[in-house]
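Predicted model, so just to flag it, every value in this text is computed and none were measured.
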Amino acid sequence: MTTLSRPGTGDFAPHYALYVAAVPEGDLLTILEGQLEDAAALSALPGDHRYAPGKWSVKEVLGHIVDAERIFAYRLLRIARNDATPLPGFDENLYVPESGAGARTVADLLEEFALVRRSTLALLRSLPAEALGRSGPVNGRPITASALAYVVAGHAAHHFQVLRERYAS
């Protein structure tokens with residue numbers, strides 16, 4: 001894989017801009033690898049804590065991060081492989097209660113995140129430059145494989161920041 005350049009605004013739908021902007025400058029693979037350490041640093045958070053009534057617990061946020069990364073990586077794979085089949089969106093609010101994250105431990109969820117992230121990294125390392133530049137339809141809007149890689153990193157960064165700011169005691 002070649003170095004990924006930050007995607008332009010035309011490479012993704014506007015609702016992903018928050019995630020792309022959350023990715024610091026630098027080599028994306030290094031940033032993605034560094035997030036493994038960022039995640040491990042969250043191991044002391046109280047798993048059942050919610051910062052407000054009706055908000056997800058720490059464990060539910062971690063489960064959401066894992067589910068979303070799987071979905072983003074699947075989309076990235078499909079687009080990189082030149083599959084132009086339209087891909088649907090997903091409703092994270094329906095996924096969270098079905099994930100069973102609340103019945104798991106923080107350590108187990110962090111281990112799953114590490115496994116999923118290593119899989120995402122392996123996928124990215126395997127892709128040639130031309131695959132990363134491909135675009136496909138997701139939820140009715142075009143997005144490039146490269147932009148999805150940034151969405152993976154930015155989504156995790158966003159939620160890690162929320163966990164540090166709102167859930168840490």
**Request:** Before giving the answer on side-chain contact (heavy atoms from CB on, under 4.5 Å), spell out for Thr144 and Leu132 the whole-Å C-alpha distance, their side-chain angles and the decisive distance to 0.1 Å.
**Result:** CA-CA 7 Å; Thr144 64; Leu132 291 165; over 6 Å; no

**Request:** Any chance you could lay out the side-chain contact (heavy atoms from CB on, under 4.5 Å) test for Leu163 and Val58, step after step, and finish with the verdict?
**Result:** CA-CA 7 Å; Leu163 286 168; Val58 168; 4.2 Å; yes

**Message:** Grouping I, L, V, M, F, W and Y whenever their side-chain heavy atoms are under 4.5 Å apart, do Leu115 and Val106 come out in a common cluster?
**Reply:** no

**Prompt:** With a 4.5 Å limit on heavy-atom distance, are the side chains of Glu60 and Arg50 in contact?
**Reply:** yes

**Message:** The criterion is ring pair (Phe, Tyr, Trp, His ring centres under 6.0 Å); which residues satisfy it with Phe90, sequence neighbours excluded?
**Reply:** Tyr95

**Message:** Counting C-beta onward and ignoring hydrogens, is there a side-chain heavy-atom pair between Val151 and Arg75 closer than 4.5 Å?
**Reply:** no

**Prompt:** Which atom pair, heavy atoms only, marks the closest approach of Leu110 to Ser43?
**Reply:** CD1-CA, 3.6 Å

**Message:** Enumerate the ring-ring contact (aromatic ring centres under 6.0 Å, His included) contacts for residues 101-152, please, sequence neighbours excluded, ordered by first and then second residue.
**Reply:** Phe113-Phe160

**Message:** Between Asp11 (side chain only) and Gly8 (backbone N and O only), is there a donor and an acceptor less than 3.5 Å apart?
**Reply:** yes

**Prompt:** Which pair of heavy atoms, one from Ala73 and one from Leu123, lies closest together, and at what distance?
**Reply:** O-CD2, 3.8 Å

**Prompt:** Of all residues at least two apart in sequence or in a different chain, which pass the salt bridge (Lys or Arg N to Asp or Glu O under 4.0 Å) check with Glu112?
**Reply:** Arg70, Arg104

**Request:** Kindly assign one of parallel, tilted or perpendicular to the pair His159 and His155, based on the angle between their ring planes and the thresholds 30° and 60°.
**Result:** perpendicular

**Fill in**
Across all chains, not counting sequence neighbours, the salt bridge (Lys or Arg N to Asp or Glu O under 4.0 Å) partners of Arg141 are none

**Item:** Any side-chain heavy-atom pair of Tyr74 and Ile79 under 4.5 Å
**Value:** no

**Prompt:** side-chain contact (heavy atoms from CB on, under 4.5 Å) between Arg78 and Val138: does it pass, once the steps are laid out?
**Reply:** CA-CA 10 Å; Arg78 294 273 304 261; Val138 173; over 6 Å; no

**Message:** For the OG atom of Ser99 and the CG atom of Leu94, what is their distance to the nearest 0.5 Å?
**Reply:** 12.0 Å

**Request:** Taking salt bridge (Lys or Arg N to Asp or Glu O under 4.0 Å) as the test, write out the residues that go with Arg164, two or more places apart.
**Result:** none

**Item:** Residue pair Ala101 / Gly63: nearest heavy atoms and the distance that separates them
**Value:** CB-CA, 4.3 Å

**Within-4.5 Å side-chain heavy-atom neighbours: Pro24 and Ile31** = yes

**Request:** Indicate whether the side chain of Thr105 and that of Asp108 have a donor and an acceptor atom separated by less than 3.5 Å.
**Result:** no

**Request:** Would you mind reporting whether Gln35 and Arg117 have side-chain heavy atoms less than 4.5 Å apart?
**Result:** yes

**Message:** Run the salt bridge (Lys or Arg N to Asp or Glu O under 4.0 Å) test against Asp38 and tell me which residues pass, sequence neighbours left out.
**Reply:** none

**Considering all heavy atoms, the nearest Tyr167-Ser57 contact** = CE2-C, 4.1 Å

**Prompt:** Any side-chain heavy atom of Pro137 sitting closer than 4.5 Å to one from Leu87?
**Reply:** no

**Request:** Grab the two heavy atoms, one from Ala22 and one from Ala157, that are nearest each other, plus how far apart they are.
**Result:** O-CB, 4.0 Å

**Asked** In Å, rounded to the nearest 0.5 Å, how long is the span from CG of Asp83 to CZ of Arg134?
**Response** 11.0 Å

**Prompt:** Say you draw a straight line from OG of Ser135 to CZ of Phe12; how long is it, rounded to the nearest 0.5 Å?
**Reply:** 12.0 Å

**Prompt:** What are the two closest heavy atoms between Arg6 and Val23, and how far apart are they?
**Reply:** NH2-O, 2.5 Å

**Leu76 and Leu127: CA distance, side-chain angles, deciding distance, side-chain contact (heavy atoms from CB on, under 4.5 Å) verdict** = CA-CA 10 Å; Leu76 193 159; Leu127 296 174; 3.5 Å; yes

**Asked** Short question: side chain of Thr120, backbone of Val116 - any donor-acceptor pair under 3.5 Å?
**Response** yes

**Item:** Leu124 vs Leu29 side-chain heavy atoms within contact, under 4.5 Å
**Value:** yes

**Message:** Counting C-beta onward and ignoring hydrogens, is there a side-chain heavy-atom pair between Leu148 and Ile143 closer than 4.5 Å?
**Reply:** yes

